[in-house]
Each structure stands twice: as C-alpha cells, then as structure tokens.
Amino acid sequence: MSVLVFVELDEGALKKSSLEAVYYGSQVAEQLGTTTSALVLGEAAPDELAKAGRFGAGKVLHAADARLNDGNPMAYAGVVAEAAGREGAKVIVLAKSSLGDAMAARLAGKLKAGLAANVTDLPDLSNGFRVKRSIFTGKAFAFTELTAETKILAIRKNTITPEETEADAPVESFQPTLNDADFAVRVTGTEKATGEVLLPEADIVVSGGRGMKGPENWAMLENLAHALHAATACSKPVSDLDWRPHHEHVGQTGIKISPNLYIACGISGAIQHLAGVNSSKVIVVINKDPEAPFFKSADYGIVGDLFDVLPRLTKAVEGK
Ligand SMILES: Cc1cc2nc3c(=O)[nH]c(=O)nc-3n(C[C@H](O)[C@H](O)[C@H](O)COP(=O)(O)OP(=O)(O)OC[C@H]3O[C@@H](n4cnc5c(N)ncnc54)[C@H](O)[C@@H]3O)c2cc1C
C-alpha cells in the first residue's frame with residue numbers, strides 16, 4: 001500500500017498548497033511504513049518536478065500530456081484513479097481547492113473511496129483511520145473515521161508547515177489512458193487575477209472594507225501588501241460597489257482563505273465576512289470603532305483611524 005499525492009500546477013509551477021500536500025503525504029507514508037508518489041498532471045519543467053522530491057515524495061510521476069494543462073477535473077479523476085491502481089495506492093492526498101474538490105468527489109465515486117476534506121492533522125491510526133477536519137467554516141473540528149479500503153484526504157491549506165530537504169526523487173513518465181469524453185468540457189480562455197501574490201495561496205493577506213471610503217484610497221493598502229509580500233482582499237460591499245474586483249471578495253459568498261496572517265482594515269467583522277477568514281492563523285484588525293465585532297475574533301487589534309495607521313505600519317515594515 002503506497003500513498004499517492006495529486007499535485008496541482010499554476011502555469012507549470014507546483015502550487016505551494018500541493019507541496020504542503022506532498023509533505024503531508026510523506027508523513028502519512030512514514031506512519032504506514034510505505035512510500036509516497038507525487039502525481040503531476042500537465043507540462044512542467046524538470047526543476048519544478050524536482051521540488052516534489054525535496055518536499056518528501058519518494059518518486060514523481062509526470063503525465064506531461066498538454067491536454068492535462070487546463071485543470072479538467074473529469075480527466076484528472078480518471079488519471080489519478082489509474083495512477084492509484086498502478087501504484088497500489090490506498091491513501092490519496094491532495095490540497096483542498098476548488099479544482100481539488102471537483103476532482104476528489106469524482107475520484108471517490110470511481111474508487112468507492114472514503115473522502116475527508118479540510119483535514120488539518122495527521123491521521124490517528126491507533127484504532128482504525130481517524131482524521132481531524134475543520135468544519136463550519138473553521139469554527140469547529142470534526143473527528144472522522146474512514147472505513148473504506150481507499151481513503152482520500154484533502155488537506156486544508158496553510159495548516160501543514162512543510163520541511164524542504166535536499167532529497168532528489170526520480171521522475172517517471174506516466175502515460176495515462178485519456179478518453180475524448182473526458183474533454184467534453186474544455187477551458188477556452190483564462191482571465192487571471194492580476195495581483196502580485198495570488199489570494200488563495202497567499203501567506204499574508206491585507207484586506208479592506210467600507211472603512212476605506214473609496215477605491216482611490218487603495219494605494220495605501222497596496223503599499224502595505226507590497227511591503228509584506230501579501231495579497232490584497234476585500235469585503236463583499238467593496239466588490240459590490242466596484243471599488244475592487246470580485247475575485248478579491250472573501251467571506252461566505254466569496255473566497256475562503258486560511259493565510260498565516262490576515263490584516264483587516266476598516267472591516268466591521270460581520271459573520272458572513274468571518275466565514276471566509278476565521279481559519280487564518282493570526283488576525284489583526286484595524287478599526288476606529290472599539291466596539292467593532294471583528295475585535296472579538298482578532299489576535300491583535302489596533303483601535304485607530306486606518307488613514308493614520310496604515311502608512312505608519314507600512315513605514316515600520318519597510319524599516320523606515
Ligand atoms: C447572504 C449574505 C452573504 C454575505 N456574504 C458576505 C461575504 O462573503 N463577505 C463579506 O465581506 N460580507 C458578506 N455579506 C455582507 C456582510 O453582512 C456585511 O454587510 C459586510 O461584511 C460589511 O462590510 P464592511 O465591514 O466592509 O462594511 P461596514 O459594515 O460598513 O464596516 C465598515 C467598518 O469600517 C470601520 N471604519 C470606518 N472608517 C474607518 C477608519 N477611518 N479607520 C478604521 N476603521 C474605519 C467602521 O467602524 C466599520 O466597522 C453578506 C451578507 C449576506 C446577507
């Protein structure tokens with residue numbers, strides 16, 4: 001029994017969340033006394049493939065067919081199922097993401113596997129196969145036992161701190177059986193978010209709400225984000241007002257993120273906003289109203305006018 005890790009690419013580069021999944025997979029393999037194979041789908045440069053080895057994979061399987069470049073969950077589920085069969089993998093690990101969700105559900109159906117999503121810790125193997133999962137948008141944990149022979153674990157982003165080594169894993173070409181029917185839905189174009197750092201993968205996020213007063217003030221927030229190498233985000237009303245693009249909107253109806261640091265500027269902390277950000281490791285709230293609900297969920301709070309606080313914070317980060 002081996003562990004197979006499904007690795008996602010972003011323009012040919014291994015995603016950070018997938019490297020976390022590879023590391024997690026290697027730790028599970030160690031628990032089970034077996035090996036880890038990382039499966040990379042689509043075109044990727046050799047130095048990118050090598051990263052999977054440095055994060056714990058014993059072997060890298062590369063299905064380089066260009067038709068797999070587009071993140072097609074139907075085709076991916078077939079390829080991952082085939083790889084799992086050839087490798088004898090009974091545990092399949094992936095990073096939780098929108099593509100991962102769509103792929104994993106199909107894969108579970110194909111393999112009649114048990115699927116646990118939003119996993120935050122290594123499995124407890126002392127009595128069966130139990131995993132800890134984050135539920136209710138990060139407000140609680142569930143302990144779930146997987147009893148199916150094949151188990152699929154989708155790991156919550158940013159919960160595993162991977163260790164990089166000098167290890168050098170062999171890369172094997174993997175030739176899957178691809179059916180035309182799997183490509184019945186094709187991506188014909190992609191419009192990418194333009195931020196310097198992509199929001200779903202970001203370690204640090206600087207976010208603005210209606211307290212920013214208008215789009216003309218965003219340079220101030222972007223300066224702090226730039227200094228911290230952070231992504232920018234916003235509350236729903238901000239994107240509804242067209243102050244910021246919709247792909248930056250976080251919350252119940254927007255993107256759900258779990259960065260290491262979330263800095264909320266002029267955001268009240270409505271429950272629908274918190275639903276998207278409360279699994280962040282550290283939350284810093286800047287709000288001029290000491291009664292703002294967000295302070296209850298904050299690790300650090302600054303009661304003050306953001307137009308005063310943000311430039312000072314940026315200067316401090318830049319060391320000026
Ligand atoms: C079904 C549903 C789904 C929703 N989904 C989402 C969602 O996904 N994401 C989301 O964000 N919202 C969502 N909402 C909306 C949510 O309920 C809130 O209305 C919204 O989050 C409030 O946005 P805000 O905090 O930016 O604005 P406000 O509530 O107007 O808060 C602005 C804050 O800025 C502070 N402020 C003002 N000026 C300054 C200053 N100079 N310096 C410092 N602080 C200042 C104020 O004290 C205030 O706390 C949803 C609502 C519903 C009903």
Side-chain angles (χ1 to χ4, degrees), residues 96-99 101-102 117-118 134-140 156-158 191 193 195 197-202 204-228 230-317:
K96 175 151 170 49
S97 68
S98 43
L99 173 62
D101 287 349
N118 261 327
S134 165
I135 57 166
F136 298 137
T137 63
K139 285 191 209 66
R156 193 174 78 179
K157 289 176 187 170
N158 261 337
E191 205 171 296
V197 182
L198 287 182
L199 180 55
E201 294 281 310
I204 305 177
V205 174
V206 183
S207 187
R210 219 151 29 183
M212 292 289 294
K213 307 287 192 258
E216 66 282 3
N217 296 322
W218 239 265
M220 195 182 284
L221 191 142
E222 284 169 336
N223 287 344
L224 178 61
H226 182 76
L228 289 167
T232 51
C234 68
S235 66
K236 182 174 184 295
V238 162
S239 61
D240 288 347
L241 287 162
D242 271 340
W243 292 0
R244 296 298 287 177
H246 273 280
H247 61 73
E248 284 201 358
H249 147 208
V250 288
Q252 182 187 318
T253 48
I255 301 183
K256 290 163 190 62
I257 54 172
S258 45
N260 287 325
L261 174 61
Y262 182 73
I263 304 177
C265 312
I267 303 176
S268 55
I271 189 148
Q272 297 88 354
H273 184 86
L274 293 176
V277 304
N278 61 6
S279 49
S280 307
K281 278 201 184 128
V282 175
I283 296 179
V284 175
V285 170
I286 305 169
N287 199 304
K288 69 176 183 185
D289 174 8
E291 301 298 322
F294 219 151
F295 283 122
K296 291 201 178 83
S297 312
D299 298 284
Y300 300 95
I302 302 174
V303 179
D305 185 338
L306 66 89
F307 296 98
D308 172 40
V309 176
L310 274 182
R312 285 166 59 189
L313 203 51
T314 307
K315 269 192 184 164
V317 171

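Whatever order the structure lists them in is the order used to number ligands and atoms, beginning at 1.
Of the protein's non-hydrogen atoms, the one nearest atom 43 (C) of ligand 1 is Lys288 N, 3.2 Å. Among protein heavy atoms, the minimum distance from atom 30 (O) of ligand 1 is reached at Arg210 NE, 2.9 Å.
Distances from atom 49 (O) of ligand 1 to the heavy atoms of Asn287, Val303, Leu241 show the closest one on Asn287.
Ion pairing between Glu291 and Lys296 fails under the 4.0 Å rule for side-chain N and carboxylate O.
Heavy atoms of His249 approach ligand 1 to within less than 4.0 angstrom.
For ligand 1, the atoms lying closer than 4.0 Å to a non-hydrogen atom of Ala270 are 16 (C), 17 (O), 18 (C), 21 (O). Atoms of ligand 1 found under 4.0 Å from any heavy atom of Gly254 (numbered from 1 in listed order, with element): 8 (O). Near Phe307, with a cut-off below 4.0 Å to any heavy atom, the atoms of ligand 1 are 41 (N). Against a heavy-atom cut-off of under 4.0 Å, Val250 is close to the following atoms of ligand 1: 7 (C), 8 (O), 9 (N), 10 (C), 11 (O). Each of the atoms 47 (O) of ligand 1 lies under 4.0 Å from some heavy atom of Asp289. Of all atoms in ligand 1, listed by their number and element, those nearer than 4.0 Å to a heavy atom of Pro237 are 20 (C), 22 (C), 23 (O). The distance from ligand 1 to the heavy atoms of Gly209 drops below 4.0 Å at these ligand atoms: 26 (O). Residue Ser235 has at least one heavy-atom neighbour below 4.0 Å for each of these atoms of ligand 1: 11 (O), 23 (O), 24 (P), 26 (O).
For ligand 1, the polar-atom distance check finds an N/O of Gly266 within less than 3.5 Å of one of the ligand's N/O atoms. Looking at Leu306 next to ligand 1, an N or O pair under 3.5 Å apart turns up.
Using a distance-only test at 3.5 Å, with no hydrogens or angles considered, a donor-acceptor pair links the side chain of Asn287 to the main chain of Ile267. Between the side chain of Ser280 and the backbone N or O of Asn260 there is no donor-acceptor pair closer than 3.5 Å. For the pair Asn217 (side chain) and Met212 (backbone), a donor-acceptor distance under 3.5 Å is present. Of the possible polar contacts, one joining the Lys281 side chain to the Asn158 backbone as a donor-acceptor pair under 3.5 Å is found. Side chain of Asn118 to backbone of Arg156: no donor-acceptor contact under 3.5 angstrom is found.
Considering only heavy atoms from C-beta on, Leu221 comes within 4.5 Å of Thr232 through its side chain.
Taking a 6.0 Å sphere around CD1 of Ile271, one finds it holds 12 or fewer heavy atoms contributed by other residues, nucleotides or ligands.
At a heavy-atom cutoff of 4.0 Å, ligand 1 is contacted by no atom of Phe294, backbone or side chain. When heavy-atom distances to ligand 1 are checked against a 4.0 Å cut-off, Ser268 comes that close through both its backbone and its side chain. Heavy atoms of Val309 found under 4.0 angstrom from ligand 1: none, in either backbone or side chain.
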